[in-house]
Amino acid sequence: MAPKRKPARGAAAEERDPDGMFRGVSAFIVPQGVQGRRLEVWKQRLVQMGGRVVEKLDKGSAAAGVNHVLAMDAKALLRVLDAAWLHRFRGSVVSFEWLEECLKSGERLPERKFTINHEEEFKLKKAAGNGGSGASQPAKRSKISLRILGISREQVTRIGRSIQMQMRIKVQEASSGGPSIYAPADLNRNITKIFGRLIDIYRALGDDRRSFSYYKAIPVIEKLPFKIESAEQVKDLPTIGKSLKDHINEIVTTGKLSKLEHFENDEKSTLLQSVKPLPISTQFSFKVRTISLFGEVWGVGPATALKLYEKGHRTLDDLRKDESLTNAQRIGLKYFDDIRQRIPRHEVSEMEKFLQDVGKDILPGVIIVCGGSYRRGKASCGDMDIVITHPDGESHVGFLPKFVQRLKEINFLREDLIFSIHSVDGTDSGVDTYFGLCAYPGRELRHRIDLKVYPRNRYACGLLAWTGNDVLNRRLRLLADSKGYVLDDTGLYLATRGSGGKHAGRSDAIVNCHTEKDVFDTLGFPWLEPHERNL
DNA sequence: CGGCCGTACTG
DNA sequence: CAGTAC
DNA sequence: GCCG
């Protein structure tokens, strides 16, 4: 991210003493509970005396060198910043009193006495009302024995599943004890629920970009410690622009969103609408739902889902009869219900161990790690992402085929989706890939599993990419790009830009990164433990 | 207004 | 190549 | 959809 600092407005008029008492202070100011006029004066003073005011806090990443957060009190503070962020924040969090006293006395007073105890306030709030959630995640290896027969068969509504599942998980994790860090719960469900539906609708229609905009807004809204009652409270939140603000306004005033009603009731509002003048009816909701359902089949995306719908298919059973499906799609269909089931963490843990045992038998020293949401500490996983390498840098070659074969022999791997080998010929950076279905030993229920084998010198980037989450991946890649690199799961490269502007390509040589930390360091991104990568 | 991660497999 | 997936 |  290009470090664009915005000089505090008005500071230009006065001159600035870089050695003033606020030298080194880089502050974000929570503008609540204080008059704007007064605020401006403070900002001005701060800057005049060597400080810096950061106007916008880019949450998620460590906000551009901010080392002070100033607020009226804990309450105001938590209105704007979420507890999790504050918990991670290493600088001082002090009340405006500090600023006032410093200005009054003319010297920089110790900050200790003015520290805002937000942790305490948060706990109080939590105890008082809605249950907060713990960002606990220790996730030690649970040595639970395997004879657990029941598989939770919660019937997830087809529509809105992704969001709901995310929430469910969050709640699940929350219930384990530990120091309470983390954000509030359900307030504003009225809004996020509707956005969740929009996400699915737009995704089903193939408008991923738009879908993603709603997707990004949800966590931002969820983190708010209060119930939104007016669009005003939300107007300059990141990810919430004109349109979303209007949506929120409508939802909080009328309780619903006409746009969504349209989508669900009225055919004519569709984006996919072609020439035919379809009769107004409740068909759209049905169509969206159906397309959305089809799109949940592995290998079926928006385009294919639409084609299938227009062919007249309406149910998954209809699809089963269709001849045009690819191999993988057929498998996805056959095990549709299986794949949908989430895998309890302890089972993933056992399967990881199992894979390690089988692996080292074939190739001593082989490193096999389960990445994905499992590595990020989640309580349950949608699939398993297995990342593999070997310390010696060469004997990983040819491992995957043997591994897969063995895993099939012992009935762990069941169906193939994709299988490609490059370690031998050296193409694709020598990365071998297998996507398929597996079953927990002794069961038939299928799970999605991905196996990726990397040469040791590319392993760090592979592990990083396959641990995710996708938001972090995107952020890192963007950051890499801004710093003249190209990052993907096979390595970190020096970008070779053509004479023009755009990314022309990348150098052949990878920047040496032995560990994930090396990648973070090279990019200048603050290190995040795997469990901190749930952005 | 254009960009929105970057790359590989399938058919 | 478009579509899909990660 | 949002952002610069």
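Chain identifiers are assigned alphabetically (A, B, ...) following the order of the sequence lines, protein sequences preceding nucleic acid strands; residue numbering begins at 1 within each chain. Atom set for the values below is all heavy atoms of this structure, side chains included, hydrogens, waters and symmetry mates excluded. What you see is a predicted model; the values in this text were computed from it and never measured.
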#### Entry: Pair A:R376 + A:E532: basic N to acidic O under 4.0 Å
no
### Query
So which nucleotide from C:dG3, C:dC6, D:dC2 ends up closest to the side chain of A:S243?
D:dC2
### Message
From C-beta outward on A:W298, which listed nucleotide comes closest to its side chain: B:dC9, B:dT7, C:dC6?
### Response
C:dC6
### Task
Would you indicate, yes or no, if B:dA8 has its OP1 or OP2 atom less than 4.0 angstrom from a side-chain nitrogen or oxygen of A:H422?
no
### Query
Counting any heavy atom closer than 4.0 Å, what does A:D489 reach on the DNA or RNA strands: base, sugar-phosphate only, or nothing?
nothing
### Query
Under 4.0 Å between a side-chain N/O of A:R448 and OP1 or OP2 of C:dC6, yes or no?
yes
### Task
Using a heavy-atom cut-off of under 4.0 Å over every strand shown, decide if A:K242 touches base, sugar-phosphate, or nothing.
sugar-phosphate
### Query
At under 4.0 Å, does any side-chain N or O of A:T304 touch on OP1 or OP2 of C:dG3?
no
## Note on the structure
Atom CZ of A:F419 and atom C1' of B:dA8 are separated, to the nearest Å, by 15 Å
### Task
Quickly work out the A:D488 CG to B:dA8 P distance and round it to whole Å.
7 Å
### Whole angstrom value for the distance that separates P of C:dG3 from CG of A:L417
21 Å
#### Entry: Among A:R320, A:H313, A:R314, the one residue meeting side chain to side chain donor-acceptor pair (under 3.5 Å) with A:D317
A:R320
### Query
Which whole-number value in Å describes the distance from A:D236 CG to D:dC3 P?
10 Å
### Rounded distance in Å - OH (A:Y493) to P (B:dT7)
8 Å
### Message
Using a heavy-atom cut-off of 4.0 Å across all strands, would you classify A:V220 as base, sugar-phosphate, or nothing?
### Response
nothing
### Task
Quick one: label A:D470 by what it contacts on the DNA or RNA (base, sugar-phosphate, nothing), any heavy atom closer than 4.0 Å.
nothing
### Message
Heavy atoms only, 4.0 Å cut-off, all strands: where does A:I240 land among base, sugar-phosphate and nothing?
### Response
sugar-phosphate
### Task
Would you indicate, yes or no, if B:dC4 has its OP1 or OP2 atom less than 4.0 angstrom from a side-chain nitrogen or oxygen of A:S213?
no
#### Entry: Atom-to-atom span, CG of A:L325 to P of B:dT10 - whole angstrom
17 Å
### Message
Could you tell me how far apart A:D416 (CG) and B:dT10 (P) are, to the nearest whole angstrom?
### Response
11 Å
### Task
Looking only at side-chain atoms of A:I418, point me to the closest of B:dG11, B:dT10, C:dT4.
B:dT10
## Note on the structure
Looking only at C:dT4, B:dT7, C:dC6, the nucleotide nearest the A:V486 side chain is B:dT7
